[in-house]
Amino acid sequence: MLPLKLCARRGWSSLVAELLQAGAHVNAEIEDDETALCVALCEGHNETAKIIAAAGGLVRDRAGNADPDPILFCAERGLVSGLWTMIQINESKAGFPERCGHALISASAEGHDRVVAALLTAKANVDFRNPESEFALREAASRGRTDVVKRLLKANAASLSQALSAAKANDHDEVVKLIHAAMRDGGNGNAAASPMASENGGGGGD
């Protein structure tokens, strides 16, 4: 184990800073299973993660590839405190709304309700769609993520009819009931999403 990764795992922020200032390669273990930033985030050492991220540290995606987006990394793994840290240091950067949108879809699919709550608080677009036309409510509904569905409905998610079809197709009866109730209360299954809802400019309706 390289010293940088060891210090990241222990949360030794001052030593991490010293190693980086001395020329340690921040992504030296990019070919291994984890980078220093991965380790710091997964261990909950957020101050250490800030230092590593500021030095250009990368995380790895689920396929093991180098990935520059620690927001998505935290969202996929349910790392709430790490997510907040990465939001704080990335919110002024280009593409931040889209990155939060992708993270919201992933967290909703995984059922990470607290992460979904954090992303919505950070103003993630509840109706954001990725290039595959996936969106948070349908991903949560199709997997029976009841708590997440409740939260997204409370945030006025649109495209209820598509989410309802996904829940029915997978026999998630509780989710079906929730969406039916939302539709009765005025939810619009064909409501148009805001202009930011899709990377390609598409609407959020059916």
Side-chain angles (χ1 to χ4, degrees), residues 1-126 128 130 134 136 139-140 145 147-148 151-152 155 196 199:
M1 178 181 291
L2 293 179
L4 180 62
K5 187 173 174 183
L6 172 62
C7 293
R9 189 177 300 281
R10 300 292 177 85
W12 294 337
S13 299
S14 59
L15 288 176
V16 165
E18 288 178 17
L19 286 169
L20 291 171
Q21 290 169 4
H25 193 315
V26 69
N27 294 312
E29 297 188 302
I30 202 70
E31 300 300 328
D32 197 357
D33 289 338
E34 298 173 314
T35 65
L37 183 56
C38 291
V39 170
L41 288 169
C42 288
E43 295 292 336
H45 300 311
N46 298 319
E47 290 303 315
T48 303
K50 282 184 182 180
I51 295 169
I52 297 169
L58 297 176
V59 291
R60 298 174 69 86
D61 63 19
R62 287 286 174 86
N65 302 310
D67 186 343
D69 194 358
I71 293 174
L72 182 60
F73 177 88
C74 292
E76 289 177 337
R77 292 157 180 80
L79 305 173
V80 181
S81 62
L83 176 74
W84 274 120
T85 300
M86 294 299 103
I87 284 174
Q88 290 168 5
I89 66 175
N90 284 279
E91 59 186 348
S92 63
K93 296 181 180 179
F96 177 74
E98 290 78 13
R99 292 168 66 187
C100 285
H102 286 291
L104 182 64
I105 292 170
S106 180
S108 297
E110 296 291 340
H112 297 313
D113 183 52
R114 292 177 60 211
V115 169
V116 170
L119 287 164
L120 292 174
T121 299
K123 307 302 182 184
N125 187 338
V126 69
F128 176 87
N130 64 19
E134 297 170 334
E139 294 306 301
R145 311 299 194 189
D147 289 343
V148 172
R151 190 175 298 280
L152 295 171
M196 287 295 293
E199 288 185 330

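Count residues from 1 along the sequence. Bear in mind the structure is a predicted one, so any value in this text is a computation, not a measurement.
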Notebook entry, point to check: Which pair of heavy atoms, one from Ala107 and one from Val115, lies closest together, and at what distance?
Noted result: CB-CG1, 3.5 Å
Next item on the list: State, yes or no, whether a side-chain contact exists between Thr121 and Trp84 at a heavy-atom distance under 4.5 Å.
Entry: yes
Check: To the nearest 0.5 Å, what is the distance between NZ (Lys5) and CD1 (Ile52)?
Finding: 11.5 Å
Notebook entry, point to check: Which pair of heavy atoms, one from Thr48 and one from Ser13, lies closest together, and at what distance?
Noted result: OG1-OG, 2.7 Å
Checklist line | Residues Leu119, Ile87; criterion side-chain contact (heavy atoms from CB on, under 4.5 Å); working and verdict | finding: CA-CA 9 Å; Leu119 287 164; Ile87 284 174; 4.3 Å; yes
Next item on the list: Calculate, to the nearest 0.5 Å, the distance between atoms CD1 and CD belonging to Ile105 and Glu139 respectively.
Entry: 7.0 Å
Margin query: Working to the nearest 0.5 angstrom, can you tell me the gap between Leu104 CG and Phe128 CZ?
Written below: 9.5 Å
Checklist line | Any Val16 side-chain heavy atom under 4.5 Å of Leu4 side chain | finding: yes
Check: Once you round to the nearest 0.5 Å, how far does NZ of Lys123 lie from SG of Cys100?
Finding: 12.0 Å
Check: If we only count heavy atoms from C-beta on, is the Leu41 to Met86 side-chain gap below 4.5 Å?
Finding: yes
Check: What is the distance from atom CZ of Arg10 to atom NE2 of His45, rounded to the nearest 0.5 Å?
Finding: 9.0 Å
Next item on the list: Looking only at non-hydrogen atoms, find the nearest pair between Ala140 and Val148 and report the distance.
Entry: CB-CG1, 3.7 Å
Notebook entry, point to check: Between Thr85 (side chain) and Ser81 (backbone), is there a donor-acceptor pair under 3.5 Å?
Noted result: yes
Next item on the list: Kindly indicate whether the side chain of Leu37, heavy atoms from C-beta on, has any atom under 4.5 Å from the side chain of Asn27.
Entry: no
Check: Between CD1 of Ile71 and CG of Asn90, what distance do you get to the nearest 0.5 Å?
Finding: 4.5 Å
Next item on the list: Mind listing the closest non-hydrogen atom pair of Ile89 and Ala53 along with its distance?
Entry: CD1-CB, 3.6 Å
Notebook entry, point to check: Do side-chain atoms of Asn125 reach the backbone of Gly101 as a donor and acceptor pair under 3.5 angstrom?
Noted result: no
Checklist line | Phe73 side chain reached by Leu79 side chain, heavy atoms, under 4.5 Å | finding: yes
Item checked: Closest contact, heavy atoms only, Ala118 versus Leu83 -> CB-CD2, 3.8 Å
Notebook entry, point to check: Looking only at heavy atoms, what is the nearest atom pair of Ala36 and Ala8, with distance?
Noted result: O-CB, 3.6 Å
